[in-house]
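Computed from a predicted model, the values in this text were never measured in an experiment. Computed from heavy atoms alone, side chains included, the values below leave out hydrogens, waters and symmetry copies. Nothing fancy with the numbering, it's 1 onward along the sequence.
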Amino acid sequence: MQTPSETSATKARYVKSYEIRRSYREAVQRPPAVAGVRDTLDIHCHADAGHQDALALAKHASANGMRGILYKSIVGRAQPATAVGEVREALNRWCDEEQLEPITCGAGFLVGPESESAEAVRQQIDAGVRAVWMPVAMHANTLSQVGGRESWWLPGGDRYTTTPPLVWEDALEVGQYALDDRGRLKPNFRDIVHAVADHGAALSFGHATHAEIFAYAEEVEKIGFERAFVDHPFSPFVDLSIEEMQQVARAGVTLNFTYDELSPLLGVD
């Protein structure tokens, strides 16, 4: 079982950064100017409440010649394909007026406590979702490292009140975890892997612990699924060593390095 890493300056910055991120209010966040992004794809874009505005970002990306954005999260996340479709339609109208080539907009879906089933995932893919993320914000690993919003598990809790990191046992009590007592994938999580593979979508392992990552990797290798990936492997959530990254890669899993982990925030060399 992966346990929270020892306290360090990097870890302290990371925990503080999530406290700040979760304090954002319901205001449109305008993206900054970006250079050198022509023909690139962003496959890890957050555009849910308090983050970047999905349409403003799509316009900015189109104006800068990007190829596309995959929205990992978006306002209207219960039906992300519909929400992204609305962004796409508005973007196409704007690009016609501005004589620009619109980017491709794709929808992602996050497996939450209420959607831990292959059927829920199949419905989302049938609706147009292109990629599925295993548990992220409500994963026990996340809660044990950076805490969470009080409202996630306390009825009537304040959305903007955040907790400190939870001890592992408490995080398991209120959060998500994909392995059973024998260290094997629970049947519902294994079925989700198969559903994503069968429907040709992509699959992120989310904020999984090391034990879960290797269990997922074993399963995707066994079924020959080649569209699975590990997000931000250097981040404190995932924290894979070079050797562990190589082990996962040998199973056919892609490693997706994000700016967050390579930025001065975490100070990765």
(Q) With side-chain hydrogen bond (donor to acceptor under 3.5 Å, both in side chains) as the test, pick out the partner of Gln176 among Glu116, His139, His207. (A) Glu116
Q. In Å and rounded to the nearest 0.5 Å, what is the CD to CD1 distance from Gln247 to Ile213?
A. 10.5 Å
**Q.** Worked verdict on Val248 versus Tyr216 for side-chain contact (heavy atoms from CB on, under 4.5 Å)
**A.** CA-CA 9 Å; Val248 171; Tyr216 283 136; over 6 Å; no
Q.
Under a plain distance cut-off of 3.5 Å, with no hydrogens placed, do Gln123 and Glu119 share a side-chain donor-acceptor pair?
A. yes
Q. Under 3.5 Å, side chain of Glu221 to main-chain N/O of Gly252, donor-acceptor pair present?
A. no
Q) Do you reckon Leu255 sits in the same ILVMFWY cluster as Leu70, going by side-chain contacts under 4.5 Å, direct or chained? A) no
Q | Distance, nearest 0.5 Å, that separates NZ of Lys59 from CH2 of Trp94 | A | 6.5 Å
Q | Side-chain touch Asn64/Arg38, heavy atoms, less than 4.5 angstrom | A | no
Q: Verify whether one side chain among Asp231 and Ser204 offers a donor that lies under 3.5 Å from an acceptor in the other.
A: yes
Q: Decide yes or no for Leu166 and Val174: does some side-chain heavy atom of the first lie under 4.5 Å from some side-chain heavy atom of the second?
A: yes
Q. So, do Ile74 and His46 sit near enough that their side-chain heavy atoms are less than 4.5 Å apart?
A. no
Q: Locate the shortest heavy-atom distance separating Ile192 from Ala118; write the atom from each residue and the value.
A: CG1-N, 3.8 Å
**Q.** Atom pair CD/CZ of Glu101 and Arg67 - distance to nearest 0.5 Å
**A.** 12.0 Å
Q: Run through Ile103, Leu57, Val84 and flag the one making a side-chain contact (heavy atoms from CB on, under 4.5 Å) with Leu91.
A: Ile103
Q | From CA spacing to verdict: side-chain contact (heavy atoms from CB on, under 4.5 Å), Met66, Leu41 | A | CA-CA 7 Å; Met66 286 181 61; Leu41 294 168; over 6 Å; no
Q | Heavy-atom check, side chain of Glu261 versus side chain of Pro233, under 4.5 Å | A | yes
Q.
Do Phe229 and Leu240 sit in one hydrophobic cluster, given that two such residues count as connected whenever their side-chain heavy atoms are within less than 4.5 Å of each other, even indirectly?
A. no
Q. What's the verdict on side-chain contact (heavy atoms from CB on, under 4.5 Å) for Lys72 and Val136, showing C-alpha distance, side-chain angles and the deciding distance?
A. CA-CA 11 Å; Lys72 176 180 178 181; Val136 181; 4.0 Å; yes
Q. Which is it for Glu89 and Arg93 under the side-chain contact (heavy atoms from CB on, under 4.5 Å) test, yes or no, and what are the steps along the way?
A. CA-CA 6 Å; Glu89 291 176 5; Arg93 290 194 298 270; 4.0 Å; yes
Q. Is a side-chain N or O of Lys186 found less than 3.5 angstrom from the main chain of Tyr177, in a donor-acceptor match?
A. yes
Q. Leu203, Phe214: one ILVMFWY side-chain cluster at the under-4.5 Å cut-off?
A. yes
**Q.** Straight-line distance of His194 NE2 to Arg122 CZ, nearest 0.5 Å
**A.** 11.5 Å
(Q) Measuring from atom CE of Met245 to atom CD1 of Ile242, what distance do you get when rounded to the nearest 0.5 angstrom? (A) 4.5 Å
**Q.** Min side-chain heavy-atom separation Trp168-Thr209 under 4.5 Å
**A.** yes
**Q.** Nearest non-hydrogen partners of Ala197 and Ile223, listed with the distance
**A.** CB-CD1, 3.9 Å
Q) Nearest heavy-atom pair of Gln145 and Pro236: which atoms, and what distance? A) NE2-O, 2.9 Å
Q: Please check if atom CD in Glu226 has more than 12 non-hydrogen atoms from other residues, nucleotides or ligands closer than 6.0 Å.
A: no
Q) Is it true that a side-chain atom of Thr163 and a backbone atom of Gly147 form a donor plus acceptor pair closer than 3.5 Å? A) no
Q | Residues, nucleotides or ligands: over 12 heavy atoms within 6.0 Å of Glu218 CD | A | no
Q: Please report the closest heavy-atom contact between Gly148 and Trp152, naming both atoms and the distance.
A: CA-CZ3, 3.6 Å
Q: Would you indicate whether the side-chain heavy atoms of Ser115 and Phe109 approach each other to under 4.5 Å?
A: yes
Q: Give the ring-plane orientation class for His44 versus Trp133, where under 30° counts as parallel, over 60° as perpendicular and anything between as tilted.
A: perpendicular
**Q.** Distance in Å, Asp239 CG paired with Phe234 CZ, rounded so as to fall on 0.5 Å steps
**A.** 9.5 Å
Q: Would you indicate whether Arg88, at its atom CZ, is surrounded by more than 12 heavy atoms from other residues, nucleotides or ligands within a distance under 6.0 Å?
A: yes
Q) Taking all atoms of both residues into account, what is the closest heavy-atom pair of Pro102 and Ser62, and its distance? A) CA-OG, 3.7 Å
(Q) Does any part of the side chain of Val220, heavy atoms only, come nearer than 4.5 Å to the side chain of Val193, both counted from C-beta? (A) yes
(Q) Between His210 (side chain only) and Val238 (backbone N and O only), is there a donor and an acceptor less than 3.5 Å apart? (A) yes
Q) Between Thr142 (side chain) and Met138 (backbone), is there a donor-acceptor pair under 3.5 Å? A) no
Q. Would a hydrophobic clustering, with Ile, Leu, Val, Met, Phe, Trp and Tyr connected at side-chain separations under 4.5 Å, put Phe237 with Val167?
A. no
Q: Provide the closest heavy-atom pair for Ala61 versus Ile69 in the form atom of the first, atom of the second, distance.
A: CB-CD1, 3.9 Å
(Q) Does Arg184 have more than 12 heavy atoms from other residues, nucleotides or ligands lying within 6.0 Å of its CZ? (A) no
Q.
Is it the case that the side chains of His51 and Asp48 hold a donor-acceptor pair, with the cut-off being a distance below 3.5 Å and no angle test?
A. yes
Q | Side-chain donor/acceptor of Arg77 to backbone N/O of Leu110, under 3.5 Å | A | no
Q | Student check: side-chain heavy atoms of Ile43 and Tyr71 closer than 4.5 Å | A | no
Q) Are Phe225 and Phe189 connected, step by step, through hydrophobic side chains (Ile, Leu, Val, Met, Phe, Trp, Tyr) whose heavy atoms are closer than 4.5 Å? A) yes
